[in-house]
2 protein chains.
Amino acid sequence: MFTPRKARVRSAITLLLFICLLPSARAQNDPLPSWNNTTPRQTIIDFVRRVTRQGSPDFVPVDQRIAAFDNDGTLWVEQPMYTELAFVLQRIHQLAPKHPTWKATQPFKGVLEGDIKAVAASGDKGAMQLLAAAETNMSVDEFHKIVLDWLATAQHPRFKRPYTQCVYQPMLELLTYLRANGFKTFIVSGGSVEFMRPWTEQVYGVPPEQVVGTTVKTKFETLNGQADLLRLPEVTFVDDKEGKPVGISTNIGRRPIAAFGNSDGDLQMLQYTTAGPGPRLALLVHHTDAAREYAYDRKSSMGRLDKALDEAEAKGWIVVDMKNDWKTIFPPQH
Amino acid sequence: MFTPRKARVRSAITLLLFICLLPSARAQNDPLPSWNNTTPRQTIIDFVRRVTRQGSPDFVPVDQRIAAFDNDGTLWVEQPMYTELAFVLQRIHQLAPKHPTWKATQPFKGVLEGDIKAVAASGDKGAMQLLAAAETNMSVDEFHKIVLDWLATAQHPRFKRPYTQCVYQPMLELLTYLRANGFKTFIVSGGSVEFMRPWTEQVYGVPPEQVVGTTVKTKFETLNGQADLLRLPEVTFVDDKEGKPVGISTNIGRRPIAAFGNSDGDLQMLQYTTAGPGPRLALLVHHTDAAREYAYDRKSSMGRLDKALDEAEAKGWIVVDMKNDWKTIFPPQH
């Protein structure tokens, strides 16, 4: 039997359910929950709406929705040093017992003694020697395994979590949001391409073939009777600064409509991206949050943001103020 | 009112419909209708079933289903000369009025006079000069436009149809069949990568970023106030023979599980592909059909199939006998 009292109870329950479910439904519908509702978030969402809405004057067909992301400092932490540099230094320590001459030879001596100034003084040539020792004279598959083994145990010195968890939660959400809207997401990094490929799919949802980076000479050889590829100690392409648009052209074959970076090393990629016709999105992550992450820009030795910051202001590119625009920095630790 | 006569008529109609629809339903279910039901077709279908069936000992996760296809002679006709060579020679003729010295200088003189022997005598250096003249000192976007404009009017000398319709219908079906089974299809060609990228998506369903090929030096420049990429007259990578596995590694970042070629230029790609663990598929298209296409192998100047044919026989790779294994060669002309 239906009574006014039952009706009131039912209404109250319905209302309660509605109130309880509303925030969670809203949260589920928010594609960028770790972003504060400031200009960067609004500009990104407006851009995606414009390029995806059929009939919009800014509509971009799915096959042209190419988005390029820098890695160090844009998708994951690059302080106090690039993760790949931490890897290289640790490899040198691991390999040192097999190379007794390193104790007396720079830049290896500097690495083994923790004398960063001596290492820095060895310049590009020294850096190349370290890279060659740590990352070459092995097959591509062997190098991938070495990288994965290292990442499985290495920890960030400050955040005390694996490097693959020192990634920016707001940027993970942005990658997912763009892909959900038909974008193909690429990484375009100054780091060694084979240092990233073994884990980018799992961490960022970006498969190996969508990762562009610095390359070494690779030689086809028959090793132990099996056709394989050997990494040789010679850099063939540096995917940084002017190299980034070149890497994009060589590997992707078309101009992105959106690009994301955090340093002067990304400036040319953003210039190239925004120089094409139609709607374009360029974004710089500005590290302004010493409490939760790091604060650095014009004078940093890694990830210097100087010229690109001026150009962003002049051209109206999005500049993310990490402290004010991001609710959270890292994903929940697991 | 229901009568036995009506019932009989209805049964007859049902039967008729069944008979009429059956062959078309069967044709629709056949993923490779242009392939005769010979060993190559059976081996391909068996391979795809094994790697895609959950629980099969040969099951391969979707993200590892990488397939690499040579282009010239594997996906489209490469006789009487590579299509890109036809393009280069025609460009030289078009550009000659602006280069009066070419009349007296090899290899240009040879091209303009149709003296193929003189051109051949100029060797690799001459070939590079022709390539540089035809394909460089312009932006990447400009080159793409030149290629598309040429393809829009050029015709194959024998088949009298656009080159983009001189593609092999059985291979188009194979590309589609593999993609329908979760494979990501790549082109890995000795040709210039930017000669292919403007049209591979439309013709083969392969987007630009899944095309690997020979590259020239590309330079980031600001042209007319806009950031752009300039093609320079210097080959930086030759994606042929030993280069193919290297191009695969650099651009794709993982070893394919299936590779398709037609010449000795594809041998190392097939060796590299089949040297990985787990199920592997290697296929060579053997041009045996002088009536419908061309017949050539061990002594051809373009697309020579000699060592790779021996290795295919020794290792049990699929060798497609074009004459006997393919029902049709080209798609219907449109």
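None of the values given here were measured: they were computed from a predicted structure. Letters go in sequence order (proteins before strands), and every chain restarts at 1.
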Of the listed A:Lys244, A:Arg255, A:Lys241, the one with the largest count of heavy-atom pairs under 4.5 Å with chain B is A:Arg255
Answer key: most heavy-atom pairs under 4.5 Å with chain A among B:Arg254, B:Gln271, B:Glu242 is B:Arg254
Closest non-hydrogen contact found for B:Ser249 with A:Leu229 is CB-CD1, 3.2 Å
Against chain B, residues from residues 256-269 of chain A with at least one heavy atom under 4.5 Å, in numeric order, are A:Gln268
Within residues 204-218 of chain B, the residues sitting under 4.5 Å from chain A by heavy atom, in sequence order, are B:Pro207, B:Pro208, B:Glu209, B:Gln210, B:Thr215, B:Thr218
Expected contact set for residues 136-145 of chain B against chain A at heavy-atom separation under 4.5 Å reads B:Val140, B:Asp141, B:His144
Filtered by a 4.5 Å non-hydrogen cutoff, the part of residues 231-238 of chain A contacting chain B is none
Looking only at B:Gln226, B:Lys184, B:Arg197, most heavy-atom pairs under 4.5 Å shared with chain A are made by B:Arg197
When the 4.5 angstrom heavy-atom criterion is applied to B:Asp63 and chain A, the contacting part is side chain
Most heavy-atom pairs under 4.5 Å with chain B, out of A:Thr250, A:Val193, A:Asp228, belong to A:Thr250
Note: vs chain B, highest number of non-hydrogen pairs under 4.5 angstrom among A:Ile248, A:Ile66, A:Asn251, A:Thr273 is A:Asn251
task = Please check if atom CG in B:Asp149 has more than 12 non-hydrogen atoms from other residues, nucleotides or ligands closer than 6.0 Å.
result = yes
Scanning both residues in full, the closest heavy-atom pair of B:Ala227 with A:Ala275 reads O-CB, 3.5 Å
Okay, B:Glu221 and chain A: the region with an atom under 4.5 Å from a heavy atom over there is neither
